[in-house]
S.K.: 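My questions all concern the structure below.
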Amino acid sequence: MSKIQAIRGMNDLLPETSPVWQYVESTIAQCVQAYGYREIRFPLLEKTDLFKRSIGEVTDIVEKEMYTFDDRNGESLTLRPEGTASCVRACEEHGLLYNQTQRLWYMGPMFRYERPQKGRLRQFHQIGIEAFGLQGPDIDAELLLMTARLWKMLGIDDAVTLEINSLGTAAARGVYKTALVDFLSGIKDQLDEDSQRRLDTNPLRILDSKNKDTQALLANAPQLDDYLDDDSRNHFESLKHILDAANISYRVNNRLVRGLDYYGYTVFEWVTDKLGAQGTVCAGGRYNGLVEQLGGKPTAAVGCAMGIERLILLLQTLAKIPESLASLPDVYILAVGQMDGKVEGYALALAERLRENFPAIRCLSHCGGGSFKSQMKKADKSGAAIAVIIGEDEVTSQSMSIKYLRDSGDSKVTQVTLPLAQGIEKLAEIIA
RNA sequence: GUGACUGUAGCUCAGCUGGUAGAGCCCCGGAUUGUGAUUCCGGUGGUCGCGGGUUCGAACCCCGUCAGUCACCCCA
């Protein structure tokens, strides 16, 4: 009988590393909430059409990366490959965008059927931030200020750089796309294989091709910023002024495009060179057309998403994970002796009393019996600072023995036996 | 989807030109009966990823398959 193993690219999060996740998640939540963003949650499963209509029919995500299947009614459902579409759907469905602005965030797993590699999984986790109903560049800037602050909070601000670009309106981009395709078609046989394919599917993506020869050919290609309309040009200029004033450094990268169809105007990426091939740690932009595209009224929108796995990877390579994350127990309570369950009962009751007296305590009760020696070993291994020893003597005399397992400081005392009430007072001193 | 490298105990790995497996750590027990981290002694644990093939004989060679890692692609 062969063992069942996890699905490829879908990782288990083990107790050893979950504190790191809790740290990152809570830091991000703290940061975005400091800007007044509120959490929204929506299902992992949506109708397939939602993603087809938002992300774009001919994108790689929709064409070959979605987990799509029919439910028992024959309806096509898809495990969400990103959050923005669901977020817009949920907002529309509940009238959250009707004559009002929204600043929202969410986090959770996303699913994409890709070949796993460093910083890329089939189930991965994103934190998304979206702002609706605001069309000025100030809100674009707020997103960038917020993420910049987050990098500082996490201690990775030296390792990431901001790249920004403007894709203009859909109309302007369309004109540019034609010009680019015209230009590239003339030199098609010189392009690399992937770029030749993209010429038909997604020509803008040729701009950020990693192929050096292709990049060289692009030197003479038409530039996107020459095709920008006045409105998006002004929007972009103001954004840059705000960023300058706010001391956010950035690099304008006019080759920066996005893989999802719904972006226009501002796009940006926070990138690092410390993670290998998957160096984008946070990316986003403006998507003013999406709400309408999904059946709502025209609504201004900007957003971004960051990959939690990539952030954690970055924290690890930079050694920026705080030492003290693992929460060790304060107290380990032993229960030694054969008294028909009386010792265990006494010990567990004491543990309950401690938890009532000290709500923040982390108290581990020994279970499973065993010799004194083996219980002490487990107490030590647990990392607890203090062992509370309950044996037959303590039960008979209604007392408890407190033993310091770590350096008890000045005192040479390593163990005291006290009546219950005094023992609890003693613990209060120690734990405080 | 393509390519390269890898797959031996829970973990990290060794195993010479093919002769049916080892170390360290971990875990468990012991070194005078209720006192842990050091030290010493002993012990548990593997159909060598899986399935075929070649061979008298395969962890080692061949084929397939699955998985991991990295890169392409894609993207957070």
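Computation of the quantities below employed the complete heavy-atom set of this structure, encompassing side-chain atoms and omitting hydrogens, waters and symmetry-equivalent molecules.
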S.K.: Go through the N and O atoms of the side chain of Gln117(A) and the base of C73(B), and report whether any donor-acceptor pair is under 3.5 Å.
M.R.: yes
S.K.: Let me spell it out: for each of Ile7(A) and Glu269(A), pick the nucleotide of RNA chain B with the closest heavy atom. Which residue's pick is nearer the 5' end?
M.R.: Ile7(A)
S.K.: Taking the basic N atoms (NZ, or NE/NH1/NH2) and the acidic carboxylate oxygens, is any pair closer than 4.0 Å for Glu269(A) and Arg258(A)?
M.R.: yes
S.K.: Ignoring hydrogens and geometry beyond distance, is a side-chain donor-acceptor pair present between Asn288(A) and Arg286(A) at under 3.5 Å?
M.R.: yes
S.K.: Looking at Lys118(A), does any N or O in its side chain come under 4.0 Å of the phosphate oxygens OP1/OP2 on A76(B)?
M.R.: no
S.K.: Determine, for Arg89(A) against Glu92(A), whether the closest basic-nitrogen to carboxylate-oxygen distance falls under 4.0 angstrom.
M.R.: no
S.K.: What about Gln415(A): does its side chain form a donor-acceptor pair under 3.5 Å with the base of U35(B)?
M.R.: yes
S.K.: If we take the P atom in both C50(B) and C60(B), what is their distance in whole Å?
M.R.: 11 Å
S.K.: Which part of the nucleic acid, if any, lies within reach of Gly83(A) when heavy atoms closer than 4.0 Å are counted: base, sugar-phosphate only, or nothing?
M.R.: nothing
S.K.: To the nearest Å, how far apart are Arg406(A) CZ and A37(B) P?
M.R.: 11 Å
S.K.: With no angle test and no hydrogens, is the base of U35(B) tied to the side chain of Lys403(A) by a donor-acceptor pair under 3.5 Å?
M.R.: yes
S.K.: Are Arg362(A) and Asp330(A) close enough for a salt bridge, meaning some N to O gap below 4.0 Å?
M.R.: yes
S.K.: Whether the Tyr227(A) and Arg173(A) side chains hold a donor-acceptor pair (N or O, under 3.5 Å, no angle test) is what I'd like checked.
M.R.: no
S.K.: Over all strands shown, is Glu65(A) touching base, sugar-phosphate only, or nothing at heavy-atom distances under 4.0 angstrom?
M.R.: sugar-phosphate
S.K.: With ring centroids as reference points, do Phe236(A) and Tyr265(A) lie under 6.0 angstrom apart?
M.R.: no
S.K.: Which of these nucleotides, A76(B), C28(B), G34(B), is closest to any side-chain atom of Ile389(A)?
M.R.: G34(B)
S.K.: If we take the P atom in both A67(B) and C61(B), what is their distance in whole Å?
M.R.: 23 Å
S.K.: Could you check whether Arg258(A) gets within reach of a base, just the sugar-phosphate, or nothing at all, counting any heavy atom under 4.0 Å?
M.R.: sugar-phosphate
S.K.: Separation of Gln278(A) atom CD from C74(B) atom P, in whole Å?
M.R.: 11 Å
S.K.: Count the heavy atoms of every other residue, nucleotide or ligand shown that sit under 6.0 Å from CD of Gln102(A), and state whether that count exceeds 12.
M.R.: yes
S.K.: How far does the P atom of G53(B) sit from the matching atom of U17(B), given to the nearest Å?
M.R.: 26 Å
S.K.: What distance, rounded to whole Å, do you find between the two C1' atoms, one in U55(B) and one in U20(B)?
M.R.: 14 Å
S.K.: Considering only heavy atoms and no angle criterion, is a donor-acceptor pair shorter than 3.5 Å present between the side chain of Arg120(A) and the base of C73(B)?
M.R.: yes
S.K.: Between Arg8(A) and Ile308(A), just flag the one whose closest nucleotide in RNA chain B comes earlier from the 5' side.
M.R.: Arg8(A)
S.K.: Please report the distance, rounded to the nearest Å, between CG in Asp192(A) and P in G3(B).
M.R.: 18 Å
S.K.: Ignoring backbone atoms, establish whether Lys210(A) has a side-chain N or O less than 4.0 Å from OP1 or OP2 of C72(B).
M.R.: yes
S.K.: May I ask you to say what Gly119(A) touches in the nucleic acid, namely base, sugar-phosphate or nothing, with a heavy-atom cut-off under 4.0 Å?
M.R.: base
S.K.: Please give the distance between the P atoms of A31(B) and U35(B) as a whole number of Å.
M.R.: 11 Å
S.K.: When you compare U12(B) with C26(B), how far apart are their C1' atoms, in angstrom units rounded to a whole number?
M.R.: 11 Å
S.K.: Return the nearest nucleotide to the side chain of Ala305(A); candidates are A76(B), A67(B), C74(B).
M.R.: A76(B)
S.K.: Taking OP1 and OP2 of C75(B), is either one under 4.0 Å from a side-chain nitrogen or oxygen of Arg205(A)?
M.R.: yes
S.K.: Counting only Watson-Crick pairs (N1-N3 plus N6-O4 or O6-N4) and G-U wobbles (N1-O2, O6-N3), all under 3.5 Å, who is the partner of G46(B)?
M.R.: none
S.K.: Within the structure shown, what part of the strands sits under 4.0 Å from Leu314(A) by heavy-atom distance: base, sugar-phosphate, or nothing?
M.R.: nothing
S.K.: To the closest 0.5 Å, what do you measure between CE (Met107(A)) and CD (Glu39(A))?
M.R.: 6.0 Å
S.K.: Contact class for Glu394(A) vs. all strands (heavy atom < 4.0 Å): base, sugar-phosphate, or nothing?
M.R.: base
S.K.: Check the distance between A76(B)'s C1' and Leu275(A)'s CG and give it to me in whole angstrom.
M.R.: 11 Å
S.K.: With P as the reference atom in both, quote the distance from G7(B) to C62(B) in angstrom, rounded to an integer.
M.R.: 13 Å
S.K.: Which base, if any, makes a Watson-Crick or G-U wobble pair with C70(B), both distances under 3.5 Å?
M.R.: G3(B)
S.K.: I want to verify a distance call: between C74(B), A76(B), A71(B), whose nearest atom is closest to the Gln126(A) side chain?
M.R.: A76(B)
S.K.: So if I take every side-chain heavy atom of Asp194(A) and compare against A76(B), C72(B), A37(B), which nucleotide ends up nearest?
M.R.: C72(B)
S.K.: What is the distance from CD of Gln375(A) to P of A37(B), rounded to the nearest Å?
M.R.: 15 Å
S.K.: As a test of reading the structure: which of A76(B), C66(B), C74(B) is closest to the side chain of Gln5(A), going by heavy atoms?
M.R.: C66(B)
S.K.: Between G15(B) and U2(B), how many Å separate the two C1' atoms, rounded to a whole number?
M.R.: 34 Å
S.K.: Please classify the nucleic acid contact of Ala283(A) as base, sugar-phosphate, or nothing, using heavy-atom distances under 4.0 Å.
M.R.: sugar-phosphate
